[in-house]
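Remarks on the structure that follows.
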4 protein chains.
Amino acid sequence: MPKVSEEHRMARRAQIVAAARTCVAEQGFHKTTMADVIAASDLSAGAVYGYFKSKEDIVAAIAEEALSSVDELFGSVLLTGEPVSPLLVLERILKHIVSMAERPDGDITKIALQAWAESLRNPAVKAIAEDKYRMLRGRFTEVARRAQADGTIPADADPEQVAQVLFGFIPGFILQRLLIGDVTPQSYTAGLRAILRD
Amino acid sequence: MPKVSEEHRMARRAQIVAAARTCVAEQGFHKTTMADVIAASDLSAGAVYGYFKSKEDIVAAIAEEALSSVDELFGSVLLTGEPVSPLLVLERILKHIVSMAERPDGDITKIALQAWAESLRNPAVKAIAEDKYRMLRGRFTEVARRAQADGTIPADADPEQVAQVLFGFIPGFILQRLLIGDVTPQSYTAGLRAILRD
Amino acid sequence: MPKVSEEHRMARRAQIVAAARTCVAEQGFHKTTMADVIAASDLSAGAVYGYFKSKEDIVAAIAEEALSSVDELFGSVLLTGEPVSPLLVLERILKHIVSMAERPDGDITKIALQAWAESLRNPAVKAIAEDKYRMLRGRFTEVARRAQADGTIPADADPEQVAQVLFGFIPGFILQRLLIGDVTPQSYTAGLRAILRD
Amino acid sequence: MPKVSEEHRMARRAQIVAAARTCVAEQGFHKTTMADVIAASDLSAGAVYGYFKSKEDIVAAIAEEALSSVDELFGSVLLTGEPVSPLLVLERILKHIVSMAERPDGDITKIALQAWAESLRNPAVKAIAEDKYRMLRGRFTEVARRAQADGTIPADADPEQVAQVLFGFIPGFILQRLLIGDVTPQSYTAGLRAILRD
DNA sequence: AATGAATGAGACTTCATTCAT
DNA sequence: TATGAATGAAGTCTCATTCAT
């Protein structure tokens with residue numbers, strides 16, 4: 001097979017990442033073997049290694065994908081410069097997270113949990129996680145500022161510190177959903193409504 | 001073959017768990033080898049296998065220890081039946097978490113992250129995590145009820161749902177502390193103060 | 001499909017052998033991969049396999065080239081039928097060897113070492129080595145005969161046996177030059193002068 | 001199996017080296033697989049890796065053994081301080097080499113050839129080879145000095161240079177014996193007698 | 001004729017666990 | 001009881017070669 005198009009290469013790469021994502025969501029990074037990924041991707045060992053030079057690289061690619069995905073949450077939420085209620089932002093995000101988690105090709109929140117653990121000993125994953133989460137938290141800083149503009153949040157609060165807390169709701173939700181299993185965007189939003197200023 | 005005392009057995013067991021905890025905090029469950037644990041515990045392979053029948057069992061023991069440890073957080077907080085401010089409870093807990101994380105023999109919050117990931121594919125760890133976290137969240141239900149008693153939280157709120165959110169702050173804090181590294185009990189408490197009803 | 005000229009084919013073949021020679025001089029036969037050769041030859045995998053049916057064949061071609069090259073040493077030495085001093089022959093040969101070894105496209109003495117080792121388990125290379133070295137040693141038989149003619153060497157000696165020894169100086173020189181690194185044609189010739197009859 | 005004696009460990013190690021030597025003499029360093037060595041040593045993979053941390057290490061051990069073995073040649077030759085004839089020394093050495101080569105557990109001269117080639121790209125083997133051969137050549141320097149003492153060799157010759165040449169006979173002999181196959185200590189000694197001063 | 005992506009057997013190595021002493 | 005050498009299945013990755021385009 002002579003030179004293939006760049007799209008072809010991208011498609012193959014995506015095929016491998018998708019296969020790996022499914023495996024990792026089921027078995028975790030470490031119990032997922034390259035043989036699993038190779039079988040799931042319908043490629044040969046050599047082909048897979050033509051796209052990723054090591055398992056480590058595939059892990060990093062999946063982690064990046066999973067950690068980045070949360071960013072798409074904000075796609076439409078912050079478009080205009082108008083004030084947005086933190087409560088509303090969180091509600092939308094939690095719903096989006098659940099819809100992503102229920103996609104058929106691997107629960108992305110499970111991948112995120114794996115990535116958190118992996119980042120403790122894998123500098124590449126750590127760098128990705130830190131980077132992505134700083135960005136994401138930056139969005140919440142913006143939310144905090146707008147909430148201060150309309151008086152929902154006291155004007156003298158530090159928006160960075162507020163963002164820490166707002167951002168912190170997300171792992172709290174994801175974790176309980178996976179480990180305990182009884183939280184829903186509805187229940188969580190109701191709880192939030194009860195404790196947050198409005 | 002002199003039968004050793006029960007205390008002796010317990011001490012040996014603790015020695016193994018401590019050794020394993022240190023290893024796991026540094027390298028994660030999967031990169032920690034039995035050889036690592038054996039070396040760190042100053043015992044022989046045979047001896048370690050006399051106390052735990054498999055690596056899986058050691059993992060479960062460490063996970064149990066780490067996930068339980070959060071419970072000691074509440075030690076003195078809920079002793080009396082008086083109302084307690086959620087804000088105050090959280091502040092004390094965050095401080096306690098940091099002090100636990102800084103103990104010399106392995107950051108217990110890192111173990112917790114490992115345990116979260118592990119619980120996705122290890123039913124034993126999953127059962128421990130679910131159990132411990134349900135219990136812990138139960139404490140927050142109590143906090144919610146007392147906060148309703150003194151009017152901090154609306155009387156018509158579901159204390160279970162409020163507990164979900166209050167409990168959810170903890171993983172949010174732990175995760176940011178490990179991945180981004182800039183949150184402190186002080187900054188988080190300040191953020192909380194800005195958004196929570198008081 | 002325009003048939004390419006024979007010269008074109010020969011040029012391509014030479015290009016491949018040259019690329020492979022460079023690789024092999026640096027990394028040895030076994031650490032040199034086909035990918036290395038393909039990259040160094042600026043051809044495609046398919047093209048290379050159009051000229052050589054296997055790596056084994058390329059190895060044989062390089063070995064042949066390297067083992068034959070010593071023969072050019074004698075180019076001018078034995079032209080006339082006159083007596084030649086063994087000492088002088090050896091001196092010229094050693095100088096020639098060094099000049100070949102210092103050519104930019106791969107030290108041919110390193111290839112020779114590789115070929116010696118390879119011939120122990122590769123019958124094709126063995127056949128080449130045996131053949132070439134028998135021929136080369138034949139030249140020394142002629143040298144021995146002429147040295148007998150002028151009395152440098154006793155008349156009753158067996159010129160074949162003398163040739164064994166004369167020929168044997170060459171690997172001794174090459175090996176010390178590569179492994180120890182302190183022999184030169186000058187030092188070696190001086191040593192020879194001290195021990196050989198004259 | 002609890003702690004074993006040091007002799008036991010040495011014996012196991014020797015068992016592995018012997019197995020590897022046999023394999024390498026037959027197939028060369030690179031075609032010899034760890035599976036071959038493991039099978040030939042009658043141990044398990046894990047056991048072999050308990051004694052050598054990599055194939056590279058086994059290669060180095062075999063190379064060291066083979067390159068050192070030549071040193072035993074000199075065992076009795078230089079005991080007294082008396083003059084010794086270079087011719088006689090060489091004759092004894094060649095005989096010894098042949099007897100070593102004919103030992104049943106792997107022709108050590110074949111290993112030496114492998115080691116020569118390997119030393120070109122393996123710094124560990126290179127270091128061993130250089131070291132051993134410098135030492136060995138040092139013995140020939142001593143031979144040269146004694147030969148000068150009794151007048152066999154001109155007094156004004158540099159014994160180091162003479163040693164280069166004397167030492168150089170050995171690879172010449174080994175190589176012809178393996179590649180061409182018709183040299184014997186007798187034939188070589190006869191050739192030497194014809195060309196060396198006496 | 002030329003390309004180079006794909007193949008897949010097989011290489012090296014690790015490591016949880018056992019069991020003879 | 002305790003030891004730690006030994007086991008061997010299983011993991012990651014390489015690379016000579018092919019063949020659809």
Side-chain angles (χ1 to χ4, degrees), chain A residues 1-5 8-9 12 30-39 41-58, chain B residues 1-4 8-9 12 30-39 43-59, chain C residues 1-4 8-9 12 30-39 43-59, chain D residues 1-5 8-9 12 30-39 41-58:
Chain A
M1 291 155 206
K3 195 168 220 119
V4 292
S5 64
H8 181 264
R9 282 197 67 80
R12 277 272 190 275
H30 296 279
K31 288 292 174 190
T32 295
T33 68
M34 286 305 291
D36 294 335
V37 174
I38 287 158
S41 68
D42 271 322
L43 289 171
S44 64
V48 170
Y49 277 90
Y51 290 90
F52 293 92
K53 80 176 215 306
S54 67
K55 182 182 178 182
E56 199 95 323
D57 273 23
I58 296 182
Chain B
M1 297 165 204
K3 195 157 210 127
V4 294
H8 183 260
R9 283 195 65 81
R12 276 272 191 275
H30 296 279
K31 288 292 173 189
T32 295
T33 67
M34 286 301 292
D36 293 336
V37 174
I38 288 160
L43 291 173
S44 67
V48 169
Y49 275 88
Y51 292 89
F52 292 92
K53 84 173 212 303
S54 66
K55 182 183 177 181
E56 202 91 324
D57 276 21
I58 297 181
V59 165
Chain C
M1 297 162 204
K3 195 155 209 130
V4 295
H8 182 260
R9 284 196 64 82
R12 277 269 190 278
H30 296 279
K31 288 290 174 191
T32 295
T33 68
M34 285 303 290
D36 292 336
V37 174
I38 288 159
L43 290 173
S44 67
V48 169
Y49 275 87
Y51 292 88
F52 292 92
K53 84 173 213 304
S54 67
K55 182 181 178 181
E56 202 92 322
D57 276 21
I58 297 182
V59 165
Chain D
M1 290 155 204
K3 195 165 218 120
V4 292
S5 64
H8 179 264
R9 284 198 63 81
R12 277 272 189 274
H30 296 280
K31 287 292 174 191
T32 295
T33 68
M34 285 304 292
D36 293 337
V37 174
I38 288 158
S41 68
D42 271 321
L43 288 171
S44 65
V48 170
Y49 276 90
Y51 290 89
F52 292 92
K53 81 175 213 305
S54 65
K55 182 181 176 182
E56 200 94 322
D57 273 24
I58 296 182

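Keep in mind that the numbers below use all heavy atoms, side chains included, and drop hydrogens, waters and symmetry copies.
- Rounded to the nearest 0.5 angstrom, B/I58 CD1 and B/M34 CE are separated by 4.0 Å.
- Residue contacts shown for A/Y51 are limited to sugar-phosphate atoms, with no base heavy atom under 4.0 Å away.
- The side chain of D/S54 lies closest to E/dT13 when the candidates are E/dT13, E/dA16, F/dT17.
- Across all strands shown, the partner of E/dG8 is F/dC15, judged by Watson-Crick or G-U wobble contacts whose two distances both fall under 3.5 Å.
- Looking at the side chain of C/K55, the nearest of the listed nucleotides F/dA16, E/dC12, F/dA5 is F/dA16.
- Nearer to the 5' terminus of DNA chain F, by closest-nucleotide assignment, is the contact made by A/Y49 (compared with the other of C/E56 and A/Y49).
- Across the interface with DNA chain E, nearest-nucleotide mapping of D/A47 and A/V48 shows A/V48 to be the residue nearer the 5′ end.
- Between B/I58 atom CD1 and E/dC15 atom P there is a gap of 15 Å when expressed in whole angstrom units.
- For the pair B/I38 CD1 and F/dT3 C1', the interatomic distance rounds to 11 Å; values are reported in whole Å.
- For the pair D/K53 NZ and E/dT14 P, the computed distance is 9 Å after rounding to whole Å.
- Closest-nucleotide positions on DNA chain F for D/L43 and C/A35 were compared, and the one nearer the 5' end corresponds to D/L43.
- For the pair C/A45 and B/H30, both in contact range of DNA chain E, the more 5′-proximal nearest nucleotide belongs to C/A45.
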Show which side-chain atoms of residues 43-53 of chain D pair as donor or acceptor with protein atoms under 3.5 Å away, not counting sequence neighbours.
unit_1 : atom_1 : unit_2 : atom_2 : d
D/S44  : OG     : D/A47  : N      : 3.2

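- Whole-Å rounding puts the D/F52 CZ to E/dT14 P distance at 15 Å.
- Residues D/H30 and D/K55 approach most closely at O-NZ, 3.8 Å, considering heavy atoms.
- Residue A/M34 has its side chain nearest to F/dC13 when only F/dC13, E/dC15, E/dA11 are considered.
- Judged by distance alone, the side chain of A/D36 and the main-chain N or O of A/T33 form a donor-acceptor pair under 3.5 Å.
- Summarising the base pairing, E/dA20 is matched to F/dT3 through a Watson-Crick or G-U wobble pair whose two defining distances lie under 3.5 Å.
- Distance CZ (C/R9) to P (E/dA1): 7 Å, rounded to an integer number of Å.
- Nucleic acid contact for D/G46: base, since at least one base atom lies under 4.0 Å from a heavy atom of the residue.
- Close to F/dA6, at under 4.0 Å from its OP1 or OP2, lies a side-chain N or O of D/R12.
- If you measure from atom NZ of B/K31 to atom P of E/dC15, you get 8 Å, rounded to the nearest angstrom.
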